[in-house]
Novice: 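Starting off with a structure, shown below.
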Protein chains: 2
Amino acid sequence: MKVNQHIKVAVDAVVFGYTGNELELLLIQQKYGSEKNKWALPGGFLKDEEDLQTGVARELNEETGVNPNYLEQLFTFGSINRDPRGRVISVSYMALINPKNYVLKAATDASDAKWFSIKELPPLAYDHPEIVKKGLERLKSKIHYQPIGFELLNKEFPFSDLEKLYQTILDKSIDRRNFRKKMLSFGVLEETDKSYKPSSGRPAKLFKFNKRKYNELEEKGFHFEIKFA
Amino acid sequence: MKVNQHIKVAVDAVVFGYTGNELELLLIQQKYGSEKNKWALPGGFLKDEEDLQTGVARELNEETGVNPNYLEQLFTFGSINRDPRGRVISVSYMALINPKNYVLKAATDASDAKWFSIKELPPLAYDHPEIVKKGLERLKSKIHYQPIGFELLNKEFPFSDLEKLYQTILDKSIDRRNFRKKMLSFGVLEETDKSYKPSSGRPAKLFKFNKRKYNELEEKGFHFEIKFA
DNA sequence: ATACAATGTGTGTGTTTTACACAAAAGTAA
DNA sequence: TTACTTTTGTGTAAAACACACACATTGTAT
């Protein structure tokens with residue numbers, strides 16, 4: 001194939017985590033290069049023999065040690081000068097993980113991985129602010145019509161966690177009663193027999209998301225959709 | 001920048017048009033190459049010095065003569081073997097145009113452009129069926145919450161056109177009264193003083209979409225959203 | 001003038017969304 | 001043991017919205 005093209009293809013990941021208080025973003029520190037000491041999204045150049053999603057997953061694992069089970073393509077960024085090193089287009093992905101499930105890789109020679117509150121991000125390299133913005137938008141909108149919030153929580157969680165998660169992501173308060181009513185009405189949450197004891201106050205039942213049931217319902221035309229005042 | 005990568009970047013466009021009866025897709029015939037005589041999405045390799053959207057727009061114009069004013073990135077396809085000629089990733093776009101505004105470029109040595117009903121597509125090259133599918137999904141879902149339907153109609157149109165457009169795209173019938181009521185309730189349609197005479201029956205007022213007003217309302221938190229029984 | 005074809009319009013009913021407050025279950029401190 | 005604090009768990013009434021549904025109007029063609 002004769003094409004005279006000198007464009008490199010990179011993949012980058014916007015990885016969200018939730019701690020119970022804050023929405024967080026996973027970043028790595030650039031130790032070398034023109035953007036030294038800035039922070040960047042995990043990512044890197046795609047290999048000739050791997051497909052896009054495999055590529056991000058690999059880079060993510062190499063650079064931070066995490067292996068998300070939710071990974072979704074976001075957008076492809078291709079402005080001519082987005083990377084001062086040359087023409088690079090970046091296929092970006094959004095990943096959701098529960099930070100508790102991983103210990104971040106310690107600093108390697110290439111990078112140092114760390115969680116940052118989405119509200120206090122350090123200076124980011126390249127056009128990564130734009131990519132993060134796209135990720136946030138996607139997360140905020142998708143959480144309304146896809147049950148992706150559960151990817152950020154423990155397998156079993158008290159209702160209040162789910163509620164706080166939504167409030168944190170959407171950055172607004174929601175009515176507890178209406179939220180619970182609506183969520184439960186979908187019939188995709190299962191009450192477990194366990195309960196969780198908060199540091200003070202009444203213990204809460206633990207719930208879990210029943211993915212099988214969700215898939216079943218979805219086949220039948222059901223749509224997860226949650227809105228707020 | 002030293003990266004040993006041999007991946008080419010292409011851009012492809014899923015171009016939808018509406019004739020008043022059918023949703024149509026703009027395709028070009030492959031005259032050479034391994035996929036000779038199949039039809040393909042307009043598109044081609046990205047140039048080193050153009051950004052993605054510029055690239056699709058250029059290819060689209062070169063190959064078919066159309067210049068869409070609605071162009072939106074869809075998805076990036078990157079399976080390893082999607083193109084038998086080598087490793088090529090394709091950044092796909094969706095375009096909406098009113099076919100009446102253009103005369104398709106006659107057959108050039110490279111290709112022959114033609115509209116096909118979405119219901120009777122010829123065999124498509126590469127993974128283009130998958131790309132088309134993505135485009136259709138996007139169109140179907142986006143038409144519910146973004147005023148993109150107007151891009152497919154004349155500037156001034158009878159209400160029935162809009163209605164038929166929605167029915168065609170969504171492939172289901174909708175209640176005329178409720179649809180009209182809801183659409184008008186947004187306050188983004190303007191009644192003109194002109195009217196349109198159908199071949200038979202009562203003449204219809206012509207409406208036009210007021211984009212400025214839509215943008216204003218959107219700023220204030222308004223959301224275009226239309227659903228059906 | 002009559003038949004035909006498409007446009008234009010309102011209301012009642014059911015469903016969904018919203019707003020809102022108090023009791024129950026634990027732990028802790030007097 | 002009692003009372004205080006904290007968090008969970010729950011119902012109802014009003015408002016907004018979605019849905020189903022039918023007939024008069026305005027033009028053309030015969």
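Below, chain A is the first sequence line, B the second, and so on; all start at residue 1. Treat the numbers as computed from the prediction; the structure is a model and nothing was measured.
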Novice: Under 4.0 Å, heavy atoms only, any strand: does B:Ser160 hit a base, just the sugar-phosphate, or nothing?
Specialist: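 Sugar-phosphate contact only - B:Ser160 comes under 4.0 Å of backbone atoms but never of a base.
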Novice: Measure centre to centre between the rings of B:Tyr196 and B:Phe157, then say whether the value is under 6.0 Å.
Specialist: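 They do not qualify: ring centres at least 6.0 Å apart.
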Novice: Rounded to the nearest Å, what distance is computed from the CD1 atom of residue B:Ile174 to the C1' atom of nucleotide D:dA20?
Specialist: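 Whole-Å distance recorded here is 15 Å.
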Novice: Given D:dC21, C:dG8, D:dA18, identify the nucleotide with an atom nearest to the side chain of B:Lys182.
Specialist: D:dA18
Novice: What integer distance in Å separates A:Arg176:CZ from C:dA21:P?
Specialist: 13 Å
Novice: Rounded to the Å, how far apart are B:Lys197 NZ and D:dA29 C1'?
Specialist: 15 Å
Novice: Round to the nearest Å and state the distance from A:Asn178 atom CG to D:dA16 atom C1'.
Specialist: 14 Å
Novice: Can you measure from NZ (A:Lys164) to OG1 (A:Thr19) and round to the nearest 0.5 angstrom?
Specialist: 9.5 Å
Novice: Considering only C:dG27, D:dG9, D:dC21, which nucleotide approaches the side chain of A:Arg202 most closely?
Specialist: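 Of all the options, the side chain of A:Arg202 is nearest to D:dG9.
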Novice: Could you tell me how far apart B:Leu184 (CG) and C:dG10 (P) are, to the nearest whole angstrom?
Specialist: 12 Å
Novice: When the aromatic ring centroids of A:Phe16 and A:Tyr18 are compared, is their separation below 6.0 Å?
Specialist: no
Novice: Tell me which of B:Pro198 and B:Glu225 sits closer to the 5' end of DNA chain D, going by the nucleotide each one is nearest to.
Specialist: B:Glu225
Novice: Answer yes or no: does a side-chain N or O of B:Lys205 lie under 4.0 Å from OP1 or OP2 of C:dT9?
Specialist: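 Checking C:dT9 against B:Lys205, a side-chain N or O does come within under 4.0 Å of OP1 or OP2.
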Novice: So what does A:Lys181 hit on the nucleic acid, given a heavy-atom distance under 4.0 Å: a base, only sugar-phosphate, or nothing?
Specialist: base
Novice: Answer yes or no: does a side-chain N or O of A:Ser200 lie under 4.0 Å from OP1 or OP2 of C:dG27?
Specialist: no
Novice: Taking N and O atoms by type only, does the side chain of A:Arg180 place a donor or acceptor under 3.5 Å from a partner on the base of D:dG9?
Specialist: no
Novice: Would you call B:Glu130 and B:Lys134 a salt bridge, using N to O less than 4.0 angstrom?
Specialist: no
